[in-house]
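Everything quoted here is computed from the prediction, not taken from an experiment. Here is the naming used below: chain letters follow the sequence lines, and residue numbers restart at 1 for every chain.
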Protein chains: 4
Amino acid sequence: MSPRTEKQLEAHKKEKKEKIIRGALRLFATKGYFNTSISDIANELNISKGSLYNYFDNKERLLNEAVDFALKEASELNLSEDDLKDLSPEKIFKAVVEGYFKLLEEKKELWSLIVSLAIHVGSIPSVHKTISSIYEELTKQLSELFTMIGHHDPENEAVKLGALMDGIGIQYMIFGESYPLNSIKENIIKGYINSKKNLP
Amino acid sequence: MSPRTEKQLEAHKKEKKEKIIRGALRLFATKGYFNTSISDIANELNISKGSLYNYFDNKERLLNEAVDFALKEASELNLSEDDLKDLSPEKIFKAVVEGYFKLLEEKKELWSLIVSLAIHVGSIPSVHKTISSIYEELTKQLSELFTMIGHHDPENEAVKLGALMDGIGIQYMIFGESYPLNSIKENIIKGYINSKKNLP
Amino acid sequence: MSPRTEKQLEAHKKEKKEKIIRGALRLFATKGYFNTSISDIANELNISKGSLYNYFDNKERLLNEAVDFALKEASELNLSEDDLKDLSPEKIFKAVVEGYFKLLEEKKELWSLIVSLAIHVGSIPSVHKTISSIYEELTKQLSELFTMIGHHDPENEAVKLGALMDGIGIQYMIFGESYPLNSIKENIIKGYINSKKNLP
Amino acid sequence: MSPRTEKQLEAHKKEKKEKIIRGALRLFATKGYFNTSISDIANELNISKGSLYNYFDNKERLLNEAVDFALKEASELNLSEDDLKDLSPEKIFKAVVEGYFKLLEEKKELWSLIVSLAIHVGSIPSVHKTISSIYEELTKQLSELFTMIGHHDPENEAVKLGALMDGIGIQYMIFGESYPLNSIKENIIKGYINSKKNLP
DNA sequence: GATGAATGAGGGTTCATTCAT
DNA sequence: TATGAATGAACCCTCATTCAT
């Protein structure tokens with residue numbers, strides 16, 4: 001009944017790692033990394049502390065893998081290249097921006113955890129690397145999107161859009177539900193579409 | 001040379017508090033709040049651990065007062081109302097934006113500490129309040145600036161500019177020196193000035 | 001040799017707890033609760049400070065469990081119901097009173113620790129509850145004893161005898177070895193036996 | 001307006017010491033000696049910590065002087081020899097016993113503080129001496145009382161009455177207001193008076 | 001005499017990590 | 001692989017006491 005072959009074993013291990021990561025992520029996101037102890041995580045998952053160390057070398061590595069996992073999962077929410085081909089530029093923008101705003105609303109705590117870790121290098125240097133490499137990737141994708149659309153200076157535009165969206169995230173975290181997330185979203189979408197139209 | 005009157009005593013105490021705050025801020029900014037121990041701060045300042053507690057009830061209070069102090073100091077870098085009167089709208093924008101970018105460059109670690117604390121409520125709730133109240137104030141000031149300039153929908157514009165600048169901060173923290181801070185700065189300044197010109 | 005089954009594990013843990021309790025009790029009794037540090041206890045037992053916290057949530061809980069343990073152990077020194085059946089009233093009295101005096105002499109420090117904790121609620125409220133519930137139990141048993149013997153107003157008599165014995169304890173603690181413990185013991189025993197004989 | 005002569009100075013100092021003692025006693029009695037800090041006392045009295053050390057060498061000495069003070073004050077509540085002369089034996093007993101019960105009720109916390117300190121030598125050895133010497137004195141007075149009344153074996157009777165009253169104190173502290181203090185008081189008074197009458 | 005900032009030893013407690021089972 | 005007791009360093013904080021003013 002239990003897995004036998006090496007492959008099965010590997011799969012089983014991966015599954016368990018993912019389980020742990022999800023649990024850890026849940027706690028890190030709500031309580032913060034430093035306020036979450038290894039014991040907390042073990043309790044959350046109903047496993048032993050020692051067992052955790054069979055899957056992760058130490059707490060910081062667990063954090064890094066968890067952040068990596070979360071970022072990859074979040075990326076998957078975004079559009080695949082196939083989608084891009086079939087959509088008009090306007091729709092692509094709408095989809096990208098709306099996807100991001102959805103992430104912001106639905107995974108608020110996770111977003112704030114990751115960004116707060118990312119921007120303060122001094123706290124946990126290793127995680128900074130993990131996040132920035134993914135960030136770079138995302139910006140590149142955004143830039144490609146602008147290129148496909150035929151924007152002049154797509155890189156600069158990608159950087160600016162990325163910054164604007166992150167900034168909205170910050171303000172949303174700080175001001176909470178009183179922040180006019182929706183109207184800003186509409187405003188952005190309209191702005192980009194119009195500005196494009198206005199171009200010669 | 002030593003203080004005698006009650007006033008001098010009070011002033012002396014305030015001075016010392018500020019000294020401690022500066023030291024703590026230095027360490028919090030570079031190592032992070034959770035990685036900075038009370039001992040570290042005491043050592044940094046060459047005073048005893050116990051002495052710290054004559055000035056601050058506990059570590060979290062020290063953080064809050066430090067953050068408050070830093071934010072107020074940073075605000076003072078911004079323009080006073082007098083300045084606003086004498087400057088043309090274009091110049092005011094330039095000054096505000098440039099002031100912010102200067103802050104970003106010169107107090108990188110401090111900026112990242114504060115924002116990372118601000119956005120993740122779960123880590124230290126109390127500091128979230130301290131920061132958000134100041135943030136609200138800043139947004140209001142920005143909004144007033146837009147009103148004075150005669151922008152339609154100044155509030156929305158203030159929120160957007162605030163978000164954009166914060167977002168640039170994030171990206172700067174993540175990408176580091178490779179981030180094209182200057183070209184973006186110019187781009188923003190030009191953009192705002194042009195967009196205004198385009199208005200009827 | 002080492003425990004394997006869950007039952008053995010449980011038993012092993014209970015054993016260790018008891019070991020810690022005995023060590024803590026030894027120190028609390030001689031030095032006092034507040035003068036005994038967690039470090040002291042760990043040293044006494046040749047274990048680490050941290051290990052203690054695997055068995056007891058905190059120092060106060062350890063005290064409470066220790067007191068509880070001591071009181072229960074002391075109670076067991078008293079007579080079982082079987083004994084009562086086989087003895088004449090005179091002998092029961094003798095046994096009870098002598099048992100108490102023996103306790104007083106042989107566990108002097110422990111007795112004084114517990115009573116001193118019990119009577120001053122302000123010091124450690126939690127332990128006051130622990131002790132008073134046991135005290136209530138003891139008084140009830142004493143009352144039942146008087147009922148069995150046929151004393152009129154057994155409750156009142158139980159309270160009075162309890163008070164007298166506690167008072168003797170106090171005086172013994174204060175006056176030390178010069179206190180005529182033995183003669184008083186005899187006096188009490190005789191007094192109760194005679195008074196009973198005088199009843200119709 | 002301020003005291004000049006040495007005598008006045010001395011008197012002034014004594015007054016202040018007494019003030020401090022009363023404040024300290026208040027806190028010791030309610031919170032316990034170990035839970036009361038020098039700062040607490042200074043705050044209670046609105047004086048500085050440093051000032052306290054002008055009057056008492058250290059905390060333990062303050063406790064000893066406070067206990068001494070309290071015991072002497074309590075003793076003064078008892079009957080003077082003059083009173084004894086004018087009263088019948090029955091009335092003297094009544095007065096002594098009632099005085100003690102009044103003390104128990106009105107200065108509950110103080111009584112429990114002192115007795116708890118007295119019986120546990122390990123906690124604060126010095127105070128044990130302070131209290132036991134006063135206790136000895138009180139027992140002697142009680143013994144003299146019995147002698148005056150013509151009791152055979154007055155010493156033994158004094159010890160027993162002392163013990164009984166202390167024991168009642170303990171039980172009162174443990175059981176609180178549910179303890180039938182009044183009925184026991186009446187019972188004791190009647191008991192002693194009757195037993196005396198019953199003597200040939 | 002009065003003050004309260006400074007001290008520094010020590011307090012209880014937490015926690016990531018190890019390791020024997 | 002799973003366990004959880006054991007560790008020990010580090011943490012935040014308290015406090016009696018001192019001393020310059």
In whole angstrom, what separates [X]'s [atom1] from [N]'s [atom2]?
X     : N      : atom1 : atom2 : result
C/E10 : F/dA5  : CD    : C1'   : 14 Å
B/F34 : F/dC12 : CZ    : P     : 10 Å
A/N35 : E/dA16 : CG    : P     : 11 Å
A/K31 : E/dC15 : NZ    : C1'   : 12 Å
A/K59 : E/dC15 : NZ    : C1'   : 8 Å
B/L45 : E/dA5  : CG    : P     : 17 Å
A/N43 : F/dT3  : CG    : P     : 12 Å
C/H12 : F/dA5  : NE2   : C1'   : 9 Å

*asked:* Assuming nearest nucleotide by heavy-atom distance, tell me which of A/G50 and B/Y53 is located more 5' along DNA chain F.
replied: A/G50
*Does D/D57 or B/Y33 map to a spot on DNA chain F nearer the 5' end, using the closest nucleotide for each?*
B/Y33
_Can you tell whether the side chains of A/R22 and A/E73 come within less than 4.0 Å, N to carboxylate O?_
yes
*Taking for each residue the nucleotide of DNA chain E with the nearest heavy atom, is it B/N46 or A/I38 whose nucleotide lies nearer the 5' end?*
B/N46
*Closest-nucleotide 5' rank along DNA chain E - winner of C/D40 and D/K49*: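 It is D/K49 whose nearest nucleotide is closer to the 5' end.
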_Close residues, residues 13-26 of chain D, relative to DNA chain F [heavy-atom separation under 4.0 Å]_ = none
*How far does OH of C/Y33 sit from CG of C/L113, to the nearest 0.5 angstrom?*
10.5 Å
_Let me confirm one number: the CD1-CZ distance from D/I41 to D/R26, rounded to the nearest 0.5 Å._
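Going from CD1 on D/I41 over to CZ on D/R26, the span is 10.5 Å.
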Mark yes or no: [X] above the aromatic ring of [Y], with NZ or CZ under 6.0 Å from the six-membered ring centre and no more than 45 degrees from the axis.
X     : Y     : answer
C/K14 : C/Y55 : no
C/K59 : C/Y53 : no
B/K17 : B/F69 : no

_Short side-chain donor-acceptor distance under 3.5 Å, C/E60 and C/S126_ = yes
*Ignoring hydrogens and angles, state whether a donor on the side chain of C/T130 or C/N64 is under 3.5 Å from an acceptor on the partner side chain.*
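Short answer, yes.
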*asked:* I'd like to know if C/N54 reaches the base of F/dA6 with its side chain, counting only an N/O donor and acceptor under 3.5 Å.
replied: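 Yes.
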_A/E15, CD atom: more than 12 neighbouring heavy atoms under 6.0 Å_ = no
*Would you classify A/S37 as touching base, sugar-phosphate or nothing, given that sugar-phosphate means primed atoms plus P, OP1 and OP2, and contacts are heavy atoms under 4.0 Å?*
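Sugar-phosphate, no base atom in range.
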Output the single nucleotide from [options] whose closest atom is nearest the side chain of [X].
X     : options               : value
C/I47 : F/dC12, E/dA16, F/dT7 : F/dT7
B/S51 : F/dG4, E/dA2, E/dA6   : E/dA6
D/N58 : F/dT17, F/dC13, E/dT7 : F/dT17

*Using both pair distances under 3.5 Å as the test, note the stems of at least 3 consecutive Watson-Crick or G-U pairs that include DNA chain F.*
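DNA chain F forms these stems: E:2-21 with F:2-21.
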*For D/K31, what residues pass the side-chain contact (heavy atoms from CB on, under 4.5 Å) criterion, not counting sequence neighbours?*
D/L27, D/N35, D/T36, D/D40
*Does C/Y55 make a side-chain N or O approach to OP1 or OP2 of F/dA6 shorter than 4.0 Å?*
yes
